[in-house]
Amino acid sequence: MLVIKDLHAKINDKEILKGINLEVKAGEVHAIMGPNGSGKSTLASVLTGRELVEVTHGQVEFNGKNLLEMSPEIRSREGIFLSFQYPVEIPGVSMVNFMKAAVNEHRKYKGLGPLSASDFLKLLRERKELVEIDSALTNRSVNEGFSGGEKKKNEIFQMAMLEPKLAILDETDSGLDIDALRIVANGVNKLKRPDNAVVVITHYQRLLDYIVPDFVHILYNGRIVKSAGKELALELEKKGYDWIKNGEDL
Amino acid sequence: MTDEQDKILDEVTNSEYKYGFVTDVETEMIPKGLNEDVIRMISKKKEEPDWMLEFRLNAFRHWQKMEMPTWAHLTIPEINYQDIIYYAAPKRKAAPGSLDEIDPELKATFDKLGIPLEEQKMLTGVAVDAVMDSTSVKTTFRETLAEQGIIFCSMTEAIKEHPDLVRKYLASVVPPTDNFFAALNSAVFSDGSFCYIPKGVRCPMELSTYFRINAANTGQFERTLIVADDDSYVSYLEGCTAPMRDENQLHAAIVEIIAMENAEVKYSTVQNWYPGDKNGKGGIYNFVTKRGMCRGKNSKISWTQVETGSAITWKYPSCILLGDNSYSEFYSVAVTNNYQQADTGTKMIHIGKNTRSRIVSKGISAGFSNNSYRGLVKVLKGAENARNFSQCDSLLLGDKCGAHTFPYLEVENPSSIVEHEATTSKIGEDQIFYCNQRGLSTEDAVGLIINGYAKEVLNKLPMEFAVEAQKLLQISLEGSVG
């Protein structure tokens with residue numbers, strides 16, 4: 001589904017990614033871990049087309065298409081979803097209208113007509129239940145006045161609405177209490193299907209107790225320095241990142 | 001980033017002003033220039049009584065002694081008042097009355113503007129007075145309204161048919177000496193709408209005036225007078241457009257509203273005069289005096305305006321709160337793009353006891369434009385327990401535009417409470433990217449964010465208007481953020 005080959009990228013002339021190679025297949029869950037400043041969020045920015053990041057070398061293919069040539073909205077419509085680390089507030093724009101616009105853009109891209117009001121509301125209700133989001137949230141403006149936990153739940157709700165092929169969860173666990181963490185993880189697990197994939201970016205093992213990865217990659221200094229199964233996350237939790245930084249055992 | 005921004009900016013500026021066409025219609029014009037003879041000529045063409053001519057001449061003599069105001073945060077090129085045609089009217093084929101007598105070209109023009117003049121074609125309950133250049137072309141639903149005693153007609157007809165009402169109320173809120181442009185308008189105004197709602201009548205449909213400038217080198221000077229008698233209600237809409245021309249054209253109007261005891265008047269404007277091109281060439285100078293007076297107890301006047309057009313806007317829809325317990329509100333969204341300039345706001349003058357006012361102003365500036373809010377809240381000595389709340393927000397798109405806020409407070413009564421809040425923010429790339437990531441294009445994202453920002457004001461507009469206004473906001477700002 002996603003094939004990253006020798007990806008280099010910089011922000012303001014500073015090289016952040018220094019040759020990333022990664023392949024994600026349908027049905028898989030990948031975790032990307034690493035210390036602060038290793039390039040995890042930059043990778044998410046490159047994949048979603050954020051302009052502040054400049055790709056200097058390498059290729060990214062998504063379902064056989066050149067991802068790097070696509071605008072951010074096309075990537076979204078092609079099926080890439082980012083659960084933001086810091087979801088922004090959009091005052092005065094109701095979640096319902098926001099989602100209606102987004103869902104209909106996705107449908108248009110697939111050659112489908114817009115959903116009728118009743119079908120849309122039905123979908124909205126279904127997905128709200130699926131991710132256990134408080135019904136009142138969708139009547140409020142996008143993320144406005146939401147608590148940290150509500151913002152993250154709201155991200156997973158949007159993911160449920162848009163049914164992406166590849167979901168990237170950027171530190172979705174940060175700022176969540178244990179109950180919210182469970183709800184968020186449950187939502188992700190319920191949305192898991194053989195034809196979609198998830199990339200979880202996190203510092204901690206904690207989230208991976210709930211969203212169990214097939215592969216764990218350690219990103220350090222702009223490169224993936226180690227890849228293994230889920231046991232790698234446990235090892236990291238125990239040993240910290242220092243052994244990676246010191247270049248031991250690689 | 002900058003490339004992208006330039007690209008999108010380019011797209012905007014090439015996105016056409018939708019209403020910029022010119023109607024090819026035979027127009028009767030008087031020669032350029034302004035003097036007493038011209039005023040006599042206008043008055044004669046309108047077959048006016050002597051008192052009206054006197055009114056005009058007095059205003060003109062006063063105007064000659066006045067100077068153009070310079071206090072606004074605007075750069076206004078010198079206007080040669082002798083180089084303007086003060087009267088231009090589409091020629092009538094026969095006496096006005098039935099629709100058949102209206103030039104098909106004119107009918108087509110208003111159709112194109114989305115204002116059908118045939119009553120049976122109008123789906124929504126809106127009665128329209130359609131004004132082209134200096135004259136009213138057609139007022140719809142007059143007979144239906146007359147059944148309830150409502151008078152809705154052009155100002156010219158009102159002067160002839162209802163002289164007592166006109167004499168009683170005309171200039172009672174905005175005297176000819178009020179300001180430079182009010183004096184000019186009082187001298188040369190050529191038409192406009194008149195509306196009288198009798199006691200206890202709730203006007204069953206929205207009334208509206210649609211102003212269209214068509215002829216070149218002319219100015220449009222119209223007057224609107226709305227009188228709501230005791231216990232009545234009316235909602236009034238105003239729309240305006242003009243052709244795209246390289247020359248600036250002057251529009252100096254007056255709107256007066258009088259609300260008697262327990263009466264309520266809602267006045268909504270979607271102002272979309274031609275704003276000039278992307279380099280600031282052409283466009284309408286919109287210098288307008290709008291003022292309401294809550295004369296009776298418990299009366300209410302609300303102004304809602306969406307200002308997207310005009311090269312220069314100078315306009316402060318205001319209210320004098322004379323009756324005890326009267327209430328006024330001013331809700332405004334003003335958008336400026338490219339080289340547009342706007343200095344707009346309101347004045348709330350509290351005279352009666354327990355009078356209340358509310359001001360919500362949302363400015364949006366893009367391109368190289370300048371957008372100022374100017375507001376006065378004045379509480380006079382006798383205005384016990386007066387209340388005012390003002391909120392002025394400014395949103396900047398890009399870094400070459402300006403937003404300014406000039407609030408003035410004059411409070412002479414210690415029991416009053418006056419509050420003012422102001423914010424300035426920039427539209428965030430983060431917000432746009434968030435929308436992009438959910439599949440929305442940047443254009444749609446900006447539209448969504450702007451409409452969200454302006455929602456409180458848009459919600460005040462009548463339904464059909466709100467949809468138009470939303471689209472207009474989006475078009476006016478299309479791509480001004482990269």
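Just so it is clear, the values below take in all heavy atoms, side chains as well, and ignore hydrogens, waters and symmetry mates. Proteins get letters first, then strands, A, B, ... in listed order; numbering begins at 1 in each.
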Q. What's the shortest heavy-atom distance between A/E105 and B/D444, and which atoms?
A. OE2-OD2, 3.6 Å
Q.
Using every non-hydrogen atom in the two residues, find where B/G439 and A/S76 come nearest and quote the distance to one decimal.
A. N-OG, 3.0 Å
Tell me, yes or no, whether the heavy-atom count around [X] atom [atom1], taken from other residues, nucleotides or ligands under 6.0 Å, exceeds 12.
X: A/K190; atom1: NZ; value: yes
X: A/K122; atom1: NZ; value: no
X: A/N139; atom1: CG; value: yes

Q: Name the region of B/Y434, side chain, backbone, both or neither, that has any atom closer than 4.5 Å to a heavy atom of chain A.
A: both
Checking [X] against chain B: side chain, backbone, both or neither under 4.5 Å from a heavy atom?
X: A/I80; answer: both
X: A/N143; answer: side chain
X: A/V142; answer: side chain
X: A/R75; answer: neither

Q: Could you grab the distance from atom CD of B/Q437 to atom CZ of A/F81, nearest 0.5 Å is fine?
A: 6.5 Å
Q: Any chance you could measure B/N436, atom CG, to A/E73, atom CD, to the nearest 0.5 Å?
A: 5.0 Å
Q: Applying side-chain contact (heavy atoms from CB on, under 4.5 Å), run through A/V103 and B/R438 and close with a yes or a no.
A: CA-CA 8 Å; A/V103 166; B/R438 299 305 185 241; over 6 Å; no
Q. Can you pull out the residues in residues 146-171 of chain A with any heavy atom less than 4.5 Å from chain B?
A. A/E155, A/Q158, A/L162
Let me have the donor-acceptor pairs involving side chains of residues 86-98 of chain A, under 3.5 Å, with sequence neighbours excluded, atom names and distances please.
residue : atom : partner : partner atom : Å
A/S94   : OG   : A/N97   : N            : 3.1

Q. Hey, are the side chains of B/E429 and A/L52 touching, using non-hydrogen atoms and a 4.5 Å cut-off?
A. no
